[in-house]
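For reference, the structure is listed below as structure tokens.
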Amino acid sequence: MEQSVAARVALSAATYAIDKPYTYLVPPELRETLSPGMRVIVPFGAGNRRTEGIVLSIEESAAPDPKCKPILTQLDEEPVLDGEGLHLAIWMRERYFCTVYDAARAMLPAGLYFSLQDRYRLAPGIDREAAYEAAGNSEYARTIVEMVCASGSAELGQIRAVFGTRNPGPALKQLVDRGILVLETSASRGVGDKTERVAVLAVPPEDAMAQVTPRRRSAPMRYAVMELLCAIGEASTKELCYFTGASMETLKSLRKSGLIRLEEREAFRRVSVEPCEPAGPVYLNEEQEAAFQGLDALARTGTAAAALLYGVTGSGKTQIYIRLIQESLKRGKSALVLVPEIALTPQLLHHFSAHFGDAVAVLHSSLRAGERYDEWKRAKAGKAQVVIGTRSAVFAPLRNLGLIILDEEQEGSYKSEQVPKYHARDVAKYRCAQTGALLVLGSATPSIESMYQAKQGVYHLFTLRRRYNERALPQVQIADLREELKAGNGGSIGHALRSALEENLRRGEQSILFLNRRGASRMLSCGECGEAPTCPRCSVYLTYHSANGRLMCHCCGHSERVPDVCPNCGGTFHFIGTGTQRVQEELEEMFPGVEVLRMDTDTISAVHSHEKLLARFEQERVPILVGTQMVAKGLDFENVTLVGVVAADLSLYVDDYRAAERTFSLITQVVGRAGRGEKTGRALIQTYTPENDVITFAAAQNYDAFYEQEIGLRELRGCPPFRDLFVLTASGTTESAVLQTCMRLRRSLEEWLRQPPYEGYRSQLLGPAPAAIAKVNNRYRYRLTLSTRNDKRMRALVAHLLCCAQKDKENRGVSVYADVNPLD
DNA sequence: AGCACGCCGACT
DNA sequence: GTCGGCGTGCTC
């Protein structure tokens, strides 16, 4: 009796409700090569449609299930995820209500993604005649057979295109079942492995030199190549030719003589980090040294630990990171550094490459897919032991992980807004727990959650209170915008800010104005009736994009021409909005002839343009820079002595429990920016609510007071860290159906919450309420918010309800998903 | 989510 | 016969 081998596979075609390991037979020809963590193509469902999957485990099974289907193709030569990675994917499913495959996909670089093509051709032994005969009277079958015969094979996409709205599925299935056609599924990958030719010595160096030296005069190139190659062992053919002046012919003749071998090697497309001098040793002040010693002691234990490094702006957290990584590398362990937005931290990148050179791999979203893939491979191959990157870099395939650092851990960009909706901080914590690595959360304004954990003793707390170089904090002034309104000034620049700007202009010093508002862009409004163009598919106003001169929707990407006149009343449109553009215009009017630079998502499209913009600001000493969020980040300019917050309240009154935290953090960071050079700086905060504690605490850079107040509110409101918010969202094209689904969901949730074990949970259920943007892409969205303890049992309940809702035929046409502590 | 299957009515 | 439409049920 022959033993059969079966594999448990997570499938990409499985939805959340039916996601589980599916068992497939491993065909004999794959038994030697297939192992867990490799991707495969398998047939799925009654139609046996081809789908991608990832092998979770392989086992011998004595009695195979008769309905067990075989794996069709092995897609990877070696595992793309190791055991740790597979466990992480399974953990993510439980934690973030996504499928295992969704999680696995998020962990891999896009360069590794496959796309599948289904192609039909005539089965062996079937000719044209036989095929037509088999098609018989069926018009569908005839059409398909014609297509296949015309060019030998037909791609499913082509067939679908020809069929238009009609469905070729049943006819195709029948032709395949009757043995007329065969289906071949191929996988193609966007980014291939880039290879390069490498020349390797084929004989001992002495023998090689002995052969070429006698003919040194007549064949100088052969000699030169061998001389170089003997010195360095191996080199790419390109480099060899470049340095010796030899041609490929020379190398081929050397190969013919048996002196060298030419091999294809993978070439890594290195991300260009501007070359820099290797950095000298890092010097720490007492406070830094104490924090470093404490953290390193934790790292040395090799048991998982988490620490919060709370250091005011300019206290030198980066030097501590570098020392920790150095020590980690000495112990043979790798390190992972996460930053909120890599483009805004060029200095940090520089520091790292200066200290670690080629050991650093950089992973972030603005890399081209190929570059990202290469950096990923360098990490996986152990060629890079330090990875620095944004959110998704938390999955970097580093082995022997000793340290994960999350810089600016309070940043919202660590939370993914797409499926899987993971938080990099949680994933980092999990990876550290699994590998015994140390997690370091660094921040000048820690998230309330992290500080709470630190105060509870869950995280070790290290505090840096001294600014590096002992620079004084800027003078901070709060300006009341209500006074401006009373005085009839409806503009965004009050008189205090105006005179501060004037003074700076006079002194030839630079100023930065900060607008704490997301997507602050221009809108159109009709001068007659006030009508503003809205998106036809979403419930938002369209915004004007200067880059293409069109109105665009930020939700769905819809774009349209700017209408000549108001379609409603025939009036003329004009631009409105308190965006950066408006502020820029106001400033230009206020200070004629003074250049004002603007930096926001509208001006930044090309990959490196913010760097260029900032470089211009610094080098050409442009007097004023206006920008959003991004000007608040790690910028360090000598000549900037004034920082203005245009309207501090803008980010405060938002329906989100993090609004206060975010506002505090932004203002604190911005204020910390002023006067980082020799000159003392000042900061001016304009606000409509000067008495608001968040603003006064931020102005005073008083985190502790802010924390004490905010933690009380969080407890009162049942927000993190005391409870988590599970947000269940239903969406669909029929508003009433979406609302009905939400109500049913609410009723069944209430039912469960009345019974043990859930009746013991302190929880609160809100909704259904329309989502912040009620309609996106013609889909209405309603949501329920459950504030409760986030433990395994509660997640199991949410998962159960999601599955039921997705299977319930009453919810037809409505999709339901869950997110924990979503951003909006 | 797909997709088949089964059933009905319509078209020819 | 052949096809569209629609409800139902399953996916190794």
Side-chain angles (χ1 to χ4, degrees), chain A residues 4-27 30 34 36 39-74 93 97-102 105 116 118 120 132-145 156-157 159-160 162-178 183 185 419-420 729-734 737 741 777 779 802-818:
Chain A
S4 69
V5 180
R8 316 240 296 154
V9 185
L11 300 181
S12 88
T15 57
Y16 181 69
I18 60 163
D19 184 41
K20 61 179 178 189
Y22 287 85
T23 310
Y24 284 89
L25 278 175
V26 179
L30 296 183
L34 192 71
R39 290 167 301 168
V40 290
I41 298 177
V42 295
F44 187 60
N48 281 330
R49 77 202 140 96
R50 273 37 171 166
T51 184
E52 216 176 296
I54 188 160
V55 177
L56 299 174
S57 62
I58 292 178
E59 59 219 34
E60 303 263 316
S61 66
D65 193 321
K67 66 178 172 176
C68 194
K69 298 174 188 178
I71 289 172
L72 299 173
T73 314
Q74 174 180 330
R93 172 188 149 80
F97 312 104
C98 64
T99 70
V100 169
Y101 203 86
D102 282 336
R105 192 184 284 118
L116 302 187
D118 286 342
Y120 292 88
Y132 273 106
E133 200 190 328
N137 295 335
S138 167
E139 188 205 325
Y140 282 29
R142 294 191 87 88
T143 312
I144 295 164
V145 168
L156 181 58
I159 298 173
R160 284 230 171 92
V162 166
F163 273 69
T165 57
R166 300 174 309 162
N167 178 17
L172 279 168
K173 173 92 194 323
Q174 211 179 40
L175 289 167
V176 171
D177 287 350
R178 286 160 62 197
L183 169 60
T185 303
V419 175
T729 307
S731 81
T733 48
T734 326
T741 299
N777 241 323
R779 293 178 73 84
L802 271 183
C803 285
C804 291
Q806 287 172 11
K807 284 174 178 163
D808 187 350
K809 47 187 178 294
E810 280 205 282
N811 294 335
R812 191 186 299 273
V814 179
S815 47
V816 186
Y817 58 87

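Letters A, B, ... are given to chains in the order of the sequence lines, protein chains preceding strands, and every chain is numbered from 1. The analysis underlying the following values was restricted to heavy atoms, covering all of them including side chains, and did not include hydrogens, waters or symmetry mates.
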Exercise. Determine yes or no for a side-chain-to-main-chain donor-acceptor pair under 3.5 angstrom, with Lys69(A) supplying the side chain and Gly45(A) the backbone.
Key: yes
Quiz item: Do side-chain atoms of Thr51(A) reach the backbone of Ala13(A) as a donor and acceptor pair under 3.5 angstrom?
Solution: yes
Atom pairs, protein N/O to nucleotides 5-11 of chain B N/O, distance under 3.5 Å:
none

Practice problem: Grab the CG-P distance between Leu172(A) and dC3(B) for me, whole Å please. | Solution: 11 Å
Quiz prompt | Greater than 12 external heavy atoms within 6.0 Å of Glu133(A)'s CD | solution = no
Quiz prompt | For Tyr22(A), ring pair (Phe, Tyr, Trp, His ring centres under 6.0 Å) partners two or more places apart | solution = Phe44(A)
Self-check item: Rounded interatomic separation in angstrom, taking CG from Leu116(A) and P from dG2(B)
Solution: 14 Å
Practice problem: Measure from NZ on Lys809(A) to P on dC6(C) and round the result to the nearest Å. | Solution: 18 Å
Practice problem: For Tyr24(A) and dC12(C), give me the distance from atom OH to atom P, rounded to whole Å. | Solution: 5 Å
Exercise. Kindly write out the residues that satisfy side-chain contact (heavy atoms from CB on, under 4.5 Å) with Pro27(A), not counting sequence neighbours, or none if the list is empty.
Key: Glu29(A), Leu30(A), Ile71(A)
Quiz item: Once you round it to whole Å, what is the distance between P of dG7(C) and NZ of Lys807(A)?
Solution: 21 Å
Quiz item: Which residues, if any, of residues 46-55 of chain A bring a heavy atom under 4.0 Å of DNA chain B?
Solution: Ala46(A), Gly47(A), Arg49(A)
Quiz prompt | Residues in contact with DNA chain C, drawn from residues 14-23 of chain A - heavy-atom cutoff 4.0 Å | solution = Ile18(A), Lys20(A), Tyr22(A), Thr23(A)
Self-check item: Distance-only donor-acceptor check, side chains Tyr101(A) and Glu52(A), under 3.5 Å
Solution: yes
Quiz prompt | With sequence neighbours excluded, residues passing side-chain contact (heavy atoms from CB on, under 4.5 Å) with Ala818(A) | solution = Phe97(A), Leu728(A), Val798(A), Leu802(A)
Quiz item: If you take all heavy atoms of Ala171(A) and Ala141(A), which pair is closest and at what distance?
Solution: CB-N, 4.2 Å
Quiz item: Can you name the nearest heavy-atom pair linking Pro70(A) to Pro43(A), along with the distance?
Solution: O-CD, 3.3 Å
Quiz item: Nearest-Å distance, CD (Glu59(A)) to C1' (dC12(C))?
Solution: 12 Å
Self-check item: Nearest-Å distance for atom pair NZ/C1', residues Lys69(A) and dC10(C)
Solution: 10 Å
Quiz item: Are Arg93(A) and Asp19(A) ion-paired here, with the side-chain N under 4.0 Å from a carboxylate O?
Solution: yes
Quiz item: Cut-off 3.5 Å, side chains only: do Arg50(A) and Thr73(A) have a donor facing an acceptor?
Solution: no
Quiz prompt | Integer-rounded Å distance: dC3(C) C1' and Arg142(A) CZ | solution = 17 Å
